[in-house]
Each structure stands twice: as C-alpha cells, then as structure tokens.
Amino acid sequence: MRPIDWSGMWVPEMNPLEVVLRVSMVFLFVQLVLRLLGRKELGRYSTFDLALLFLLTVCLRRTLVGEDNSLTTGFIALATLGAWDWLFSWLAFRDRRAARVLEGEPRELVREGELLHENLRKTHISRSELLSHLRSHGRDDLKSVRAAFLESNGRVTFLFREPAQ
C-alpha cells in the first residue's frame, strides 16, 4: 500500500476553465438529448431509463474531466453542474416562457372519460400504463375521470367527476 499523496490529490491536471467549459457543453447537450427523448418526466423512470442515465454517467466521465482525478477538478465539475441547475431553476421561476421550455407543460391525457390518443402517443404512455396510474388512485374506470394530465414532473394527475347523488 502506498502512502496518501496529500498535495497531489488537490493539484488539477486540466485548466479549471477547460473543466467548466467541458462540463457546461456536456450538461447542455445531455439536457437537449434527454428532452428530445422525452425523459424529462422524472416520475416515469423505467429500468431502461435508469440504465440509460447510469450509462450516460459512465460514458461521459472522461469527456467531463479527462484523465484528471484530482479533487479540485471534481469539485469544479460538480460546482459547474450545480450552477447550471440553479440557473435553470431560477430562470424557470422568473420567466413563464423559460419555464415552459425548461420544464415543459402539463399534457391532457383524458377528457370527460375519453382517452386523448394523440397526447398519449406524444407522451409515450400506453393505455395500460395510464390505467395503472388510475388504479393507484383507487379507481379502475375511465368514465369516473373528468380529466387526467401528465404533469411536467412526470406524475399523472386525475380530476374525478363528482359522484351522482
């Protein structure tokens, strides 16, 4: 076992500005790809989605920080990712148009008990998946649903009809 290299663990091999630039470019590219793939809906992770996210980190590690294993470079990369996340959250909070672009909008899936097939297709939600969400609310009949929406966070929200009296 070799001794701990206390000073070496902090000395970066890459220019910190290059780390910021690399991380920023990769972060923005990954955001674009995941948005185009429709994976922004965080509440809908399947095992395939989780595998994709795990493999993304493995594939992009060297792209982000190259061969540099210093703590300094790792901290700069993490701080850059955090800064982008904070900036996007702030923009979404401050500007409705930015929020629509960054977070998406709710999409109606059911109207007056009828499936909106075009919106189901666009959101890649099958009838059986929607019914599974409905059963998690203790219901099993679409006729009891006044409206259902896929929210921007990936959750499905149901508005139920008032029971007949």
Asks: Nearest 0.5 Å please: distance from the NE2 atom of His133 over to the CZ atom of Arg155.
Replies: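 Output value for this atom pair is 10.0 Å.
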Asks: Give the other cluster members for Met1, using side-chain heavy-atom distances under 4.5 Å between Ile, Leu, Val, Met, Phe, Trp and Tyr residues; answer none if it is isolated.
Replies: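 Once heavy-atom contacts under 4.5 Å are chained together, Met1 still belongs with nothing else.
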Asks: Quick check on Phe160: does its CZ atom have over 12 non-hydrogen neighbours (other residues, nucleotides or ligands) under 6.0 Å away?
Replies: yes
Asks: Under 4.5 Å between side-chain heavy atoms, hopping through other hydrophobics if needed: is there a path connecting Val11 to Leu78?
Replies: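 Shared cluster, no.
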Asks: For the backbone of Asp85 and the side chain of Ser89, can you confirm whether one donor and one acceptor N or O come within less than 3.5 Å of each other?
Replies: yes
Asks: Is Phe149 close to Leu159 at the side-chain level, that is, under 4.5 Å between some pair of heavy atoms?
Replies: yes
Asks: Take Ser70 and Thr72 through the test side chain to side chain donor-acceptor pair (under 3.5 Å) and record every step on the way to the result.
Replies: CA-CA 5 Å; Ser70 72; Thr72 303; 4.8 Å; no
Asks: What's the separation between atom CZ in Arg96 and atom CD in Glu105, rounded to the nearest 0.5 Å?
Replies: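 Going from CZ on Arg96 over to CD on Glu105, the span is 10.0 Å.
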Asks: When you measure from the side chain of Asp68 to the backbone of Met14, do you find a donor-acceptor pair of N or O atoms at a distance under 3.5 Å?
Replies: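 Yes; judged by distance alone, with no hydrogens or angles, the pair exists.
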Asks: Taking atom CG of Leu109 and atom CZ of Arg111, what is their separation to the nearest 0.5 Å?
Replies: 11.0 Å
Asks: Kindly work out whether a path of hydrophobic side-chain contacts (I/L/V/M/F/W/Y, heavy atoms less than 4.5 Å apart) joins Val101 to Val30.
Replies: no
Asks: Say you draw a straight line from CD of Glu18 to CD1 of Ile76; how long is it, rounded to the nearest 0.5 Å?
Replies: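 Going from the CD atom of Glu18 to the CD1 atom of Ile76 covers 11.0 Å.
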Asks: Tell me whether Leu28 is reachable from Val65 by hopping between hydrophobic residues (I, L, V, M, F, W, Y) whose side-chain heavy atoms are closer than 4.5 Å.
Replies: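 Val65 clusters together with Leu28.
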Asks: Compare all side-chain heavy atoms of Pro106 with those of Glu151 and state whether any distance is below 4.5 angstrom.
Replies: yes
Asks: Quick one: hydrophobic cluster around Trp6, which other residues, with the 4.5 Å side-chain cut-off, linked directly or via members?
Replies: Ile4, Met9, Trp10, Leu71, Phe75
Asks: Do the side chains of Leu150 and Leu116 join up, straight or via other hydrophobic residues, at under 4.5 Å, putting them in one cluster?
Replies: no
Asks: Would you name the heavy atoms of Asp95 and Arg97 that are closest together and state the gap between them?
Replies: OD1-N, 2.9 Å
Asks: For atom CZ of Arg61, is the number of surrounding heavy atoms from other residues, nucleotides or ligands below 6.0 Å larger than 12?
Replies: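 Yes.
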Asks: Tell me whether Lys143 is salt-bridged to Glu114, with the criterion being a basic N under 4.0 Å from an acidic carboxylate O.
Replies: yes
Asks: Keeping the roles fixed (side chain from Arg94, backbone from Ala99), state whether a donor-acceptor pair exists under 3.5 Å.
Replies: no
Asks: Could you check whether any side-chain heavy atom of Glu112 comes within less than 4.5 Å of a side-chain heavy atom of Arg161, counting everything from C-beta outward?
Replies: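 The answer is yes; the side chains approach within 4.5 Å.
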Asks: Which atom pair, heavy atoms only, marks the closest approach of Ser152 to Gly104?
Replies: CB-O, 3.7 Å
Asks: Can you find a pair of side-chain heavy atoms, one from Leu142 and one from Leu115, that are under 4.5 Å apart?
Replies: yes
Asks: When you measure from the side chain of Arg22 to the backbone N and O of Thr63, does any donor-acceptor pair fall under 3.5 Å?
Replies: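 The answer is yes, because a donor-acceptor pair under 3.5 Å joins these two groups.
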Asks: With sequence neighbours excluded, tell me which residues meet side chain to side chain contact (heavy atoms under 4.5 Å, CB included) with Glu118.
Replies: Arg121, Lys122
Asks: Does the cation-pi check pass for Arg139 over Phe158, that is, NZ or CZ under 6.0 Å from the six-membered ring centre and within 45° of its axis?
Replies: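 No, cation not above the ring by the 6.0 Å, 45° rule.
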Asks: Answer yes or no: does atom CG of Asp5 have more than 12 heavy-atom neighbours from other residues, nucleotides or ligands under 6.0 Å?
Replies: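 Yes, enclosed.
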Asks: I'd like to know if the side chain of Asn119 and the backbone of Glu108 have a donor-acceptor N/O pair within less than 3.5 Å.
Replies: yes
Asks: Quick one: do Trp86 and Met25 end up in the same hydrophobic cluster if we chain Ile, Leu, Val, Met, Phe, Trp and Tyr together by side-chain heavy atoms under 4.5 Å apart?
Replies: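 No: no chain of side-chain contacts under 4.5 Å links Trp86 to Met25.
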Asks: Within the structure provided, determine whether Leu131 and Leu134 are in side-chain contact (heavy-atom separation under 4.5 Å).
Replies: yes
Asks: As an exercise, state the distance from OG1 of Thr157 to NE2 of His137, rounded to the nearest 0.5 Å.
Replies: 7.0 Å
